[in-house]
Amino acid sequence: MSRPRLVIVGAGIVGCALADELTERGWTDVTVVDQGPLFAAGGSSSHAPGLVFQTNPSKTMTEFAAYTVRKYTALGERCFRQVGGLEVATTPERWTDLHRKQGWAESWGVEARLLDPAGCAELWPLLDRDKVLGGFHVPSDGLATAVACGEAQAARATERGARFLAGHTVVGIEARGGRVTGVAVVTSGEYRTIPADVVVCAAGFWGPSIGRMAGLTVPLLPLAHQYARSGPLAAKGEGPILRHQDRDLYFRWHGDRVGIGSYAHRPMPVTQDEIGPKSTTMPSVQAFTEEDFDPSWRDAVELLPALAESKYEDGINGIFSFTPDGFPLIGEAPQLDGFWLAEAVWVTHSAGVARALAEVLVTGRSEIDLHECELSRFEQAQLSPAFIEERGKQNFVEVYDVIHPLQPMESPRPLRTSPFHPRQRELGAYFLEAAGWERPHWFEANVPLLERLVRRRRDEFADVPEEAKGMAAEPFLGVSQRGEWASRHWSPVAAAEAHATREGVALYDMTPLKRIEVSGPGSAAFLQRMTTNNVDRKPGSVTYTLLLDAKGGIRSDLTVARLAEDRFQIGANGNLDLDWLTRHAPGAVRVHDLTPGTCCVGVWGPRARELVQGLTDMDLSHENFRYFGCKSGYVGHVPVLALRVSYVGELGWELYTGADMGLKLWDTLWEPGLAIAGGRAAFNSLRLEKGYRLWGVDMTTEHNPYEAGLGFAVKEGKDFIGRDALTTEITRKLVPLVCTEVVMGKEPVRHAGRTVGHVTSASYGHTVRRPIAYAWLPIELAEPGTHVDISYFGRRVPAEVAAEPLYDPGMEKIRR
Ligand code: FAD
Ligand code: THG
């Protein structure tokens, strides 16, 4: 299929951008169909005011936006005007957060600066400067004219052979043998089929309807959002686009009027059936509801008093898409090959998303990491209509809120609970959410451990000679190295749990970790081909290995336990892994998600053997149960699979059992009174001390194993996906930094006044008694001892590259 026949559903900005990107890459048999007229086809693009603010916590989203700006700027003034973007703070919390935002801009390579109120007023003279504490200014942000951008990209695509068909309503997706074969359309009352090898759904908020035709859930919620304009004002402006996020507002100039968008109103979901009849010229616009807009108008006048000269007019309730997590939907349907989505994409990210999808379609992968955007990121539990609606609404409400990276949504919760959940609640667990699971971060029941630890550290500190006290290790558990932000969703109890894990034994709920069974004839050969390390070892062995894409980028890191000749259990990172393995598996190999029906507890610490051996007749001695080995047996009444693996870097086992026996397993392990419960906060500290990477945070498809420090998991002389693209000549590296303050991740790292990299994960190392931050740095700065600075909320945090791992480099704790 060198030139597949491609049909794109939707000639909004996304469909047009995609046609351009694909024809540029040589796919010239491209047909774009739209039910509406071209190019104001009636979707969201037809009336989007087109503000493009690039800076986003996500590197991927920022890069999508930055590419969109570059591309549309090159299309000319009619398409994009680089008027700049200004976000103002009217509360101290926002002003602090804009400093955090400036860190993201710096990390992701967007030029930005913070302005004082006078600087803001210079850019926006109408601002009441007494209300403003400061602003965040990005000179390259600007205004896209979405219809013009669509049209200009369509023109280029047309020159290369693409066809754009107006008035063609897609009414069906044709398929045979699990592969798409075409789309059924109705045009001028006639029904016909357009054959296709690949169909991309870029139908905006109609996506769920088109998805339904293909048997696919498209997890987005169409919501109305209000936009209006002021009357003519005396002051005429061409100032930057403006955000007043403390009141959920944004502004732009339209000649002598100011356009005002509001996210302050109640969420107004629109069902697929309510979406305007295809015959109306603007189905994406609903009647304006003044009562919803009035408070926003008052807030707007408060910030821009000159608006009071006029009243708002031309208001619309315009519809566009919200997903459960705010990211777009990119990817192929799991059950229908050749049917792809490019959905829930803003104008801001349109060209970037189109480029990424074009790369995936043409080469099999995107240069930019897509894991946050892939359709397959959602668990089945996250695809119910109720979930999509509730999270979609909440995303609307929170769109401009200051969100802590650990902050979960409030509902629906609890959604997924492990069998240990009742006990965890009894222990006072503080739960956050991961892949829909309730996951404890620490346990209030461990407060007495904390008190004991604090007493011990005080005594130790008292013994330090007075003159050395300033140099002595910080006695109080890293609390003073955590600012207000890093202390949210955190408790010093985590220090006691980390400590208890290093000195005794602790139980960690690993149930949220994805478990996949691969079985059937050819399983071993299949996994050999899919992963970098040698997994074709004796039953009873466990192997740490990597999934790479065709260019050698890391798709995941896995543990592969061989349970029998033709049966493997994989410890994976998420649903993307399940999707990737399922897609590649040959007919005789079965790939099955064990996660919902099973559970896992990590029993880790120097006393782990003592605890578990007392409950089982399996021989747990070092000689008979080797590190990275696995065995089946019983712990008390409970049938378990035991893996001698530890993500926290201690002696111990992961014990797996069915969901039915989970509670019994927990109680059996608890009974002897040796173990404490440990939460994710301690876990994260322990794994960073040990240098264990977290996929999706520390490394992604943008990195190869050698850069990520995972070259040891690549087996010489073995064939696997991505091997031919691998090179050991690297220009950057993931390294640990020790620093003076606990940061959060995504902060820029500077050297000699230059931005040289960014932080991935961070925590306080409770054993090494230093804040730790992993960061990507150029290879020439990756040597231990190199001094760098982390910029954290605009403050300079000195840091030094360290040798890894920081804890137990001799593996004495584990191999014994
Ligand atoms: P659309 O433009 O909706 O295009 C989808 C197309 O699919 C439509 O033309 C439709 O006719 C066609 N279609 C659907 N079903 C069928 C079918 N069965 N057969 C054939 N064709 C079909 N984004 C920003 O980045 N910045 C902003 O400032 C901004 N402001 C906004 C303000 C408002 C009031 C609204 C409503 C949205 C705003 N957005 C903004 C969001 C942005 O407009 C959308 O995310 C974007 O335009 C979506 O583009 P699209 O091409 O995916 O979808
Ligand atoms: N347990 C299991 N599977 C998993 C994880 C887990 N799969 C996904 C994710 N976590 C994988 N991450 C790691 C990271 C490090 C290790 C294991 C899983 C680890 N590494 C040792 C090291 O680097 O020294 C051992 C490497 C080796 O001997 O090859 O233990 O938590 N089941």
Side-chain angles (χ1 to χ4, degrees), residues 8-18 32-53 65 68 143-144 146-147 150 165 167-171 183 185-186 201-207 209-210 213 223-227 241 250 252 259 261 275 278 283-285 316-321 328 342-350 353 508 510 513-515 533 542-545 556-561 569-574 577 600 602 627-628 643 645-649 654 656 687 690-695 709-710 712-713 805 811 814:
I8 297 172
V9 184
I13 196 164
V14 175
C16 292
L18 186 61
V32 185
V33 294
D34 204 296
Q35 63 197 9
L38 301 173
F39 281 90
S44 310
S45 307
S46 303
H47 52 76
L51 291 81
V52 176
F53 291 94
T68 303
L143 273 171
V147 172
L165 305 177
H168 280 61
T169 302
V170 173
V171 293
V183 299
V185 295
V186 170
C201 176
F205 60 79
W206 286 270
S209 299
I210 308 288
M213 298 173 197
L223 284 160
H225 151 63
Q226 294 198 296
Y227 190 78
I241 54 175
Y250 65 82
R252 61 160 285 189
I275 290 168
K278 316 264 182 318
S284 53
V285 173
I316 58 168
N317 288 8
I319 308 169
F320 72 111
S321 309
E343 285 287 332
V345 181
W346 287 25
V347 169
T348 303
H349 309 109
S350 52
V353 167
Y508 286 87
M510 299 295 283
L513 205 79
K514 194 85 173 173
R515 291 171 290 286
N533 212 340
V542 182
T543 309
Y544 178 71
T545 188
S556 191
D557 64 338
L558 311 173
T559 57
V560 176
Q569 182 169 320
I570 294 177
N573 284 297
D577 301 330
C600 176
Y627 181 53
F628 268 71
L643 264 59
V645 168
S646 160
Y647 208 148
V648 303
E654 289 178 349
Y656 297 81
R687 69 126 186 133
K690 189 63 192 161
Y692 291 164
R693 278 73 170 137
L694 178 58
W695 187 83
L710 296 172
F712 68 88
M811 300 289 277
I814 294 178

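Quick note: residue numbers are just sequence positions, from 1. Order of appearance sets the numbers: ligands from 1, and atoms from 1 within every ligand. Hydrogens, waters and symmetry mates play no part in the numbers below; they use all other heavy atoms, side chains included. All values derive from a computational prediction rather than experimental measurement.
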Short list, please: which atoms of ligand 1 are under 4.0 Å from a heavy atom of [X]?
X    : value
H225 : 32 (C), 33 (C), 34 (C)
G318 : 36 (C)
L51  : 24 (C), 25 (O), 26 (N), 27 (C), 28 (O)
G12  : 2 (O), 4 (O), 51 (O)
I319 : 36 (C)
H168 : 19 (N), 20 (C)
G10  : 6 (C), 7 (O), 12 (C)
A41  : 9 (O), 11 (O)

Can you figure out which of [options] has its heavy atom closest to [atom]?
atom                    : options             : value
atom 32 (C) of ligand 1 : A144, A48, G15, P49 : P49
atom 42 (C) of ligand 1 : V347, V185, V186    : V347
atom 46 (C) of ligand 1 : V345, L143, L165    : V345
atom 21 (C) of ligand 2 : Y692, F712, Y544    : Y692

To the closest 0.5 Å, what do you measure between OG (S321) and CG (L223)?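 Reported to 0.5 Å precision, the distance equals 8.5 Å.
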
Measure the spacing between OH of Y508 and SG of C600 and express it to the nearest 0.5 Å.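 Spacing of OH (Y508) from SG (C600) equals 13.5 Å.
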
Given W346, F205, Y250, the one that forms ring pair (Phe, Tyr, Trp, His ring centres under 6.0 Å) with H225: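 Of the listed residues W346, F205, Y250, the ring pair (Phe, Tyr, Trp, His ring centres under 6.0 Å) partner of H225 is Y250.
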
Which bit of [X] is near ligand 2, meaning a heavy atom under 4.0 Å away: side chain, backbone, both or neither?
X    : answer
Y656 : side chain
A572 : backbone
W695 : neither
E654 : side chain
L513 : side chain

Could you tell me which atoms of ligand 2, counted from 1 in the order shown, lie closer than 4.0 angstrom to a heavy atom of [X]?
X    : result
Y627 : 21 (C), 25 (C), 30 (O)
F628 : 19 (C), 25 (C), 30 (O)
G571 : 3 (N), 4 (C), 7 (N), 8 (C)
M510 : 31 (O)

Should [X] be listed as contacting ligand 1, given a heavy-atom distance under 4.0 Å as the test?
X    : value
I210 : yes
R252 : no
G50  : yes
Y250 : yes

State whether the side chain of R687 and the backbone N or O of Y647 hold a donor-acceptor pair below 3.5 Å, judged by distance alone.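 No, R687 side chain to Y647 backbone: no donor-acceptor pair under 3.5 Å.
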
Going through the checks in order, is the side chain to side chain donor-acceptor pair (under 3.5 Å) test met by S556 and N573? CA-CA 7 Å; S556 191; N573 284 297; 2.9 Å; yes

D557-Y544 side chain donor-acceptor pair, cut-off 3.5 Å: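 There is such a pair between these side chains.
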
The criterion is side-chain hydrogen bond (donor to acceptor under 3.5 Å, both in side chains); which residues satisfy it with R252, sequence neighbours excluded?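 For R252 there are no side-chain hydrogen bond (donor to acceptor under 3.5 Å, both in side chains) partners, ignoring immediate neighbours.
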
N573 N/O to ligand 2 N/O under 3.5 Å: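 Not met; the criterion fails.
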
Qualifying residues under side chain to side chain contact (heavy atoms under 4.5 Å, CB included), relative to V171, sequence neighbours excluded: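 By the side chain to side chain contact (heavy atoms under 4.5 Å, CB included) rule, V171 matches T169, A184, V186, Y191.
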
Which heavy atom of V33 sits nearest a heavy atom of H168, and at what distance?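 For V33 versus H168, the nearest heavy atoms are CB-CB, 4.0 Å.
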
Side chain or backbone, does V170 bring an N or O within less than 3.5 Å of an N or O on ligand 1?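 Looking only at distances, the answer is yes, because the N/O contact criterion of under 3.5 Å is met.
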
Applying a 4.0 Å heavy-atom criterion (strictly less than), which segment of A202 is in contact with ligand 1: side chain, backbone, both, or neither?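 Only the backbone of A202 comes within reach of ligand 1.
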
